[in-house]
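See structure below.
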Amino acid sequence: MKISRCFALAAALCMAAVAYPVRAVAYVVHASCRWVVERVEPVLAKLSAAPTASQPRVELTAAKAFVLRLAKRERPVIAPRWRMCPST
């Protein structure tokens with residue numbers, strides 16, 4: 001019984017001795033992460049923002065016209081027995 005009490009006391013003292021430096025390191029890491037987030041969030045907000053009236057999206061009029069021409073053109077009618085090689 002006495003050995004387990006001594007072991008528990010030694011373990012508690014070790015944890016108390018280690019807790020203070022770990023807490024200080026955790027505080028520094030947390031402050032550093034917060035500093036980085038405060039610098040990065042505004043940049044990400046600007047990058048992901050939708051274009052405003054001063055920056056209108058460019059309409060792809062030439063591409064639209066090309067697609068409409070493709071849709072309107074007539075397709076050749078192919079017979080059901082048509083083949084690539086006429087000799088067979």
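One-based numbering along the sequence shown. What you are looking at is a predicted structure, and each value in this text was computed from that prediction instead of being measured.
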| message | Counting C-beta onward and ignoring hydrogens, is there a side-chain heavy-atom pair between Pro21 and Val25 closer than 4.5 Å? | response | no

| request: List in chain and number order the residues that pass side chain to side chain contact (heavy atoms under 4.5 Å, CB included) with Val28, two or more places apart in sequence or in another chain; answer none if no residue qualifies. | output: Ser32

| field | For Val40, all residues meeting side chain to side chain contact (heavy atoms under 4.5 Å, CB included), sequence neighbours excluded | value | Val36, Leu44

| In terms of heavy-atom contacts, does CZ of Arg34 have more than 12 from other residues, nucleotides or ligands at under 6.0 Å? | no

